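Note that this is a predicted model, so its numbers are computed, not measured. Hydrogens, waters and symmetry mates play no part in the numbers below; they use all other heavy atoms, side chains included. All chains are named by letter (A, B, ...) in the order of the sequence lines, taking the proteins before the strands, and each is independently numbered beginning at 1.
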Number of protein chains: 2
Amino acid sequence: MPTATDPQLHAFLAAFDDFVRAAKRARVRAAPDDTLTLAQYDLLAPLRHAGDALGLRELARAAGVSAPTATRMLDGLQVRGLVTRERCTDDRRAVRLELTDAGREAVADFHERQAERRRALFAQLEPDERRAAARVLSRLAEAYEGVQG
Amino acid sequence: MPTATDPQLHAFLAAFDDFVRAAKRARVRAAPDDTLTLAQYDLLAPLRHAGDALGLRELARAAGVSAPTATRMLDGLQVRGLVTRERCTDDRRAVRLELTDAGREAVADFHERQAERRRALFAQLEPDERRAAARVLSRLAEAYEGVQG
DNA sequence: TATTGTTATACTCTATAACTATA
DNA sequence: TATAGTTATAGAGTATAACAATA
């Protein structure tokens with residue numbers, strides 16, 4: 001059980017903070033080159049590999065935003081020709097969202113730029129750090145699900 | 001040199017993505033309880049341990065936002081009584097930002113909640129993972145600085 | 001001229017509440 | 001009644017361009 005004065009905990013908290021701040025600065029630096037904002041990418045990303053079109057609520061939940069926010073965002077993305085919105089024939093309450101070719105390209109492009117930045121990070125790690133990194137990030141992701149807030 | 005098909009790289013990219021998404025969901029869940037938004041905390045955090053008052057541009061740079069954005073945000077925070085803005089006597093172009101008692105409490109409170117969440121993550125790691133985690137996060141933070149975007 | 005900060009302007013992201021249409 | 005989505009409303013965060021004051 002780690003205590004508040006545990007030096008290992010202290011190192012963890014400091015490193016976590018450094019990491020989050022560095023990631024934010026990098027994101028800001030990268031943003032001007034992207035067609036999509038991060039929020040838009042997060043909203044559309046699930047459509048990239050979806051065989052079927054998805055509903056608005058599904059996208060909103062995956063992106064962690066409310067349904068009205070998703071509606072708003074999709075309005076703009078539809079006007080820009082990146083996504084299509086069709087009434088579902090089976091259940092006429094629902095809409096089916098799908099990427100257009102341009103939308104698919106924008107999402108793929110964002111994904112590739114993001115992956116490229118992350119590959120560059122990976123390349124700077126020592127071999128033993130590389131092995132540890134995937135494990136640590138994966139375990140932290142799991143741990144988040146077991147935390148209230 | 002890692003290649004695009006390197007399985008270790010693939011695991012890293014997948015874990016990175018899982019981590020970022022989990023962190024975002026956790027942040028959203030935690031947000032309603034905070035007096036400050038994350039952006040506001042990022043802007044004010046440097047004032048927490050600053051002996052001297054800091055200038056607006058300094059805060060903006062540290063938070064990764066433009067000067068007009070910082071002005072806007074500080075307007076609101078000043079109205080809420082969390083921060084004071086004084087013209088600097090030495091250089092009358094500059095302003096000196098300082099936390100009020102209420103502001104100091106809000107920043108400390110946000111910091112404590114954030115640290116508590118992170119302590120809970122740390123507690124879920126195995127002993128060997130704890131040792132690795134600080135190292136990995138710290139090295140990734142360093143690596144970000146060596147990446148263009 | 002260069003720097004510090006603000007104003008003007010415009011757009012995106014965000015939520016809650018209230019609504020419509022369908023099931 | 002419950003669910004899918006939208007509209008109404010309001011507020012925060014964001015940037016660029018143009019400006020004022022001071023150095």
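- Taking 4.0 angstrom as the limit, A:T69 places none of its side-chain polar atoms (N or O) nearer than this to OP1 or OP2 of C:dT14.
- What separates CG of A:D42 from P of C:dT14 is a distance of 9 Å, to the nearest Å.
- A:L38 has its CG atom 10 Å from the P atom of C:dC13, to the nearest Å.
- Using a 4.0 Å cut-off between a side-chain N of Lys or Arg and a carboxylate O of Asp or Glu, A:D34 and A:R27 qualify as a salt bridge.
- Among the protein residues, B:R85 comes within range of the sugar-phosphate backbone only, with heavy atoms under 4.0 Å from sugar or phosphate atoms but none that close to a base.
- As judged by a 4.0 angstrom heavy-atom cut-off over every strand, B:G76 is placed among residues making no nucleic acid contact.
- Side-chain proximity of B:V65 to D:dA15, C:dC13, C:dT4: nearest is D:dA15.
- Judged by distance alone, the side chain of B:R57 and the main-chain N or O of B:A67 form no donor-acceptor pair under 3.5 Å.
- A salt bridge does not link B:R117 with B:E112: none of the charged nitrogens is closer than 4.0 Å to a carboxylate oxygen.
- Residue B:A67 is the one, among B:A67 and A:A67, whose nearest nucleotide of DNA chain C lies closer to the 5' end (criterion: closest heavy atom).
- Relative to the six-membered ring of A:F122, A:R130 meets both conditions, a distance below 6.0 Å and an angle of at most 45° to the axis.
- Atoms CD (A:E58) and P (D:dT3) sit 15 Å apart, rounded to a whole Å.
- Note on B:E116 versus B:R113: no salt bridge recorded, every NZ/NE/NH1/NH2 to OD/OE distance being 4.0 Å or above.
- Listed nucleotides: D:dT6, C:dC13, D:dG13. Nearest to the side chain of A:V95: D:dT6.
- A continuous path of hydrophobic side-chain contacts links B:V83 to B:L38 [ILVMFWY only; heavy atoms under 4.5 Å].
- Taking the charged nitrogens against the carboxylate oxygens, A:E145 and B:R25 do have a contact shorter than 4.0 Å, which makes a salt bridge.
- Here C:dT12 presents its P atom at 13 Å from CG of A:L74, a figure rounded to the nearest Å.
- Map A:T71 and A:K24 each onto its nearest nucleotide of DNA chain D; the residue landing nearer the 5' end is A:T71.
- Contact between the side-chain N/O atoms of A:Q40 and the OP1/OP2 oxygens of C:dT12 is not found at any separation under 4.0 Å.
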Could you run through nucleotides 17-23 of chain C and give me one letter per nucleotide, 5' to 3': B if any protein heavy atom sits under 4.0 Å from the base, S if only the sugar-phosphate is that close, - if neither? B---BBS
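- Of the candidate nucleotides C:dG5, D:dG5, D:dT16, C:dG5 has the atom lying nearest to any side-chain atom of B:L56.
- For the pair A:Q78 CD and D:dG5 C1', the interatomic distance rounds to 13 Å; values are reported in whole Å.
- The phosphate of D:dG13 has OP1 or OP2 within less than 4.0 Å of a side-chain N or O from B:T37.
- B:L54 has its CG atom 11 Å from the P atom of C:dG5, to the nearest Å.
- When the P atom of D:dT14 is taken as reference, atom CZ of B:R61 falls 17 Å away, rounded to whole Å.
- A donor-acceptor pair is defined here as one N or O able to donate and one able to accept, closer than 3.5 Å; such a pair exists between the side chain of A:R139 and the backbone of B:Q124.
- Rounded to an integer number of Å, the gap from A:R72 CZ to D:dG11 P is 14 Å.
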